[in-house]
Amino acid sequence: MGKLILSFIKSTGCVGIFLILAAMIATPKTVQAQTKKALQSKTVQHEIIVGTSGHFPPYSMLNEKGVPYGFAIEVLDAVAKKAGLSLRYKVITPPRDVIKALRNGFVDVIPSLGISDFRKKDFAFTAPVEAFRLSLFLRKGTTGVHKLSDLKGRKIGAVKPNVAHRRLSERKDLNLVTYKSVPAALFALLSAQIDAFAYSEPVAWKHAREAGIDEKLKVAAIPIAEIKRGIAVQKDNQALLQALNPAVLDFIASDAYRKIYVKWFGRENPYWTNTRVALWMGGVLVLVLVLMALWHYNSTVNLNRNLSKTIEERRLVEEKLRQAHDELEIKVQERTRELSESMKEAMVASRSKSELMANMSHELRTPLNAIIGFSSMMQSEMLGPLSEKYKEYAKDINGSGEHLLELISDILDVSAIEAGKLELQDEELDVNSLIEATLHMVLNRAEEGKVQLSSHIADGLPKLKADRRRLMQVFLNLLTNAIKFTLPQGKVMITASLDNSKAFIFEVADSGIGIHKDDITKAMSVFGQVDSGLDRRQEGTGLGLPLSKGLVEQHGGTFEITSELGVGTTITLRLPSERTLPI
């Protein structure tokens, strides 16, 4: 597989790298709290009986003592530990009887089972613990075969009872040859007894590497299907499912899961080593920073030039009006016309600036996504181990890239609002769910800052017609600001209610450092930051408040700040009654 990735990168260049990274990057969240909640709210038996045949390498096998081991066994052991469950393995033969045992209630869990609509009729599944491609393996010199339909009338090998065998046995246009093991089928392919072999791609590559024949094989460009595997439980055992599922989501996002996966499905080192990737990414980052600095400088110079021109023309108009009092009416008309044209030019210049900012933000996102992707890959050591120094560099690069991407996204939104190009995607929203989701996203930040986070939502609120993503963006900006400028042991609260006109009223209040009334206007300006001691120690671009105000006004609402130094700040949002849906 490593050589296939190398070939793809060499043939497609940087675009190929970006595509691979986009597929590999993920941003998992820890859900241990959900697991605990499920265990507290549902009754789950202490000991769970796990059914396995022990004859499905590398997922499940038996050692010399008859104890199961393998990829699926290690994953289930780790998930059960996170969920607080104990396991007892029950070996069942033949393998096909394992599914019957779960269906009839003789076992509680199967550690790894392919997820399909047919099986969902009988069983419930956790989130997938693995997804793999069901692919066609070919001899290295084979040409003209890109997909399954290219093999009509030709011999295709499969292992029974693998899912590939079940799928291909339904095809009458194929000549299916059955084998008892993967190595037997692979050597039959190399000896030209069959034209292709259909099997799980990571498992087949592992067998090929162990046999030393991986360089003689390749896979067809188009896979037969993508199969997801999850932990299967009885359909009516929802308590067990709710206990396992959060633990699965938490575990698959961990380094422990990645180590287990590499252990059982490991691949050879690619041509692109960590050192080469780090050097390439560092060069791209420097280039992006230089381009952004040049763009910012050019925008500032052009804006100052246009403003200076407008100011100078206005000064000349006033001077001439004072010198020609007897021709006041004519001069006023002429200079007013000139002033109007100058103001139009200034507006055009401002609009051009906003459009330039929006266009440049789009252009800068692509290389920044690559930077974030590469550095995230290096931090997780997905392509091989890194030295501690390189891991530190990768962390710094990733943090800088994330910060720049967040800044560019905010600039893009502000520019779109100024240019009048921001379009809302209205939908019916449940205010309770929206605020709960937002609070969940900032909970970790509040806990790190030792800030008490709470909400108060009036009973019986109707649904709200608004853009979900934009409204959540407003709440996130305001809550993040409130937490950031609130000292430890302080409080932050968000409330929701209706006024007498049925308009929605949202308030975000904190007991933080507050803002002097003379600085509120500055805080609401684009890139404006209040110069206080705590403010200087916190990250920020000065875009959060003006962007939030612009998004609220796009909804037809109002945005109001009241604050007192040393007491705290309250921000009130009012959305018009036209957006309140009838109950």
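Heavy atoms only: backbone and side chains are in, while hydrogens, waters and symmetry mates are out.
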Walk me through it: do Asn481 and Lys484 pass the test side-chain contact (heavy atoms from CB on, under 4.5 Å)?
CA-CA 5 Å; Asn481 266 1; Lys484 182 167 64 173; 3.8 Å; yes
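- Contact check for Arg103 versus Ile99: side-chain heavy atoms found under the 4.5 Å cut-off.
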Might you work through the side-chain contact (heavy atoms from CB on, under 4.5 Å) test for Leu240 and Leu85, ending with a clear yes or no?
CA-CA 10 Å; Leu240 179 56; Leu85 302 173; 3.8 Å; yes
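- Lys120 places no side-chain N or O within 3.5 Å of a backbone atom of Ile115 that could act as its donor or acceptor partner.
- Taking the charged nitrogens against the carboxylate oxygens, Glu210 and Lys206 do have a contact shorter than 4.0 Å, which makes a salt bridge.
- Atom CG of Leu249 and atom OG of Ser254 lie 11.5 Å apart (nearest 0.5 Å).
- Annotation: salt bridge (charged side-chain N to carboxylate O under 4.0 Å, His left out) contacts of Arg470 (sequence neighbours excluded): Asp413.
- The side chain to side chain donor-acceptor pair (under 3.5 Å) contacts involving residues 49-62 comprise Thr52-Ser60, Tyr59-Glu130, where partners must be two or more places apart or lie in separate chains.
- One distance of note links OG1 of Thr495 with NE2 of His456; it measures 7.5 Å at 0.5 Å rounding.
- With hydrogens and angles disregarded, a donor-acceptor distance shorter than 3.5 Å links the side chain of Thr126 to the backbone of Ile231.
- With sequence neighbours excluded, no residue forms a ring pair (Phe, Tyr, Trp, His ring centres under 6.0 Å) with Tyr89.
- The minimum heavy-atom distance between Phe106 and Ile49, with the atom names listed, is O-CG2, 4.1 Å.
- Although no hydrogens or angles enter the test, the distance criterion places no donor-acceptor pair under 3.5 Å between the side chain of Arg468 and the main chain of Glu427.
- Here the side chains of Ile92 and Val107 are in contact, with some heavy-atom distance below 4.5 Å.
- Note that CZ of Phe123 is 4.5 Å distant from CG of Leu102, once rounded to the nearest 0.5 Å.
- Within the 4.5 Å cutoff, the side chain of Leu190 has heavy atoms near those of the Leu217 side chain.
- When all heavy atoms of Gly114 and Arg119 are compared, the closest pair comes out as O-NH1, 3.0 Å.
- Remark: the backbone N or O of Lys147 is paired with a side-chain donor or acceptor of Asp150 at under 3.5 angstrom.
- Taking the side-chain contact (heavy atoms from CB on, under 4.5 Å) definition, one finds that Lys389 meets it with Ser387, Glu392, Tyr393, sequence neighbours left out.
- In this structure, the separation between OG on Ser149 and CG on Leu174 is 9.5 Å, given to the nearest 0.5 Å.
- Closest of all the heavy-atom pairs between Pro68 and Ile73 is O-CG2, 3.8 Å.
- Side-chain contact between Lys491 and Thr486 is absent, with no heavy atoms from C-beta onward closer than 4.5 Å.
- At least one side-chain heavy atom of Val182 sits less than 4.5 Å from a side-chain heavy atom of Phe197.
- Here the closest heavy-atom approach between residue Leu443 and residue Leu453 is recorded as CA-CD2, 4.4 Å.
- In terms of heavy-atom proximity, Ile194 sits nearest to Arg139 at O-NH1, 2.9 Å.
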How far apart are the C-alpha atoms of Leu148 and Leu168, what are their side-chain angles, what is the distance that settles it, and do they pass the side-chain contact (heavy atoms from CB on, under 4.5 Å) test?
CA-CA 10 Å; Leu148 186 60; Leu168 297 182; 3.9 Å; yes
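- Within 6.0 Å of the CZ atom in Arg469, the count of heavy atoms belonging to other residues, nucleotides or ligands does not exceed 12.
- Other residues, nucleotides and ligands contribute more than 12 heavy atoms inside 6.0 Å of the CZ atom of Arg166.
- The shortest side-chain heavy-atom distance between Phe506 and Val474 does not fall under the 4.5 Å cut-off.
- When side chains are defined from C-beta on, Leu176 counts as touching His165, because their heavy atoms get closer than 4.5 Å.
- A donor-acceptor contact shorter than 3.5 Å links the side chain of Asn245 to the backbone of Ala127.
- Without hydrogens or angle criteria, Asp510 side chain to Val492 main chain gives no donor-acceptor distance under 3.5 Å.
- The line from CD1 of Ile457 to CD1 of Ile494 is 7.5 Å long, rounded to the nearest 0.5 Å.
- Proximity of the aromatic rings of Phe132 and Phe265 is defined here by a centroid distance below 6.0 angstrom, and this criterion is not met.
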So Leu87 and Val109, side-chain contact (heavy atoms from CB on, under 4.5 Å) or not? Walk me through it.
CA-CA 10 Å; Leu87 306 176; Val109 165; over 6 Å; no
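- Nearest heavy atom pair, residue Ala221 against residue Arg133, reads O-NH1, 4.4 Å.
- In this structure, the side chain of Tyr199 does not engage the main chain of Leu186 through any donor-acceptor pair within 3.5 Å.
- Within the model, atoms NZ of Lys218 and CG of Leu138 stand 6.0 Å from one another, a figure rounded to the nearest 0.5 Å.
- Under a 3.5 Å cut-off, the side chain of Thr480 and the backbone N or O of Asn477 do not form any donor-acceptor pair.
- The closest donor-acceptor contact from the side chain of Asp250 to the backbone of Pro246 lies at 3.5 Å or more, if one exists at all.
- Phe125 is linked by a ring pair (Phe, Tyr, Trp, His ring centres under 6.0 Å) to nothing, counting only residues two or more places apart in sequence or in another chain.
- Annotation: side chain of Phe251 is in contact with side chain of Val75 (closest heavy-atom distance under 4.5 Å).
- Each salt bridge (Lys or Arg N to Asp or Glu O under 4.0 Å) pair with one or both residues in residues 52-76, not counting sequence neighbours, appears once here: Glu74-Lys263.
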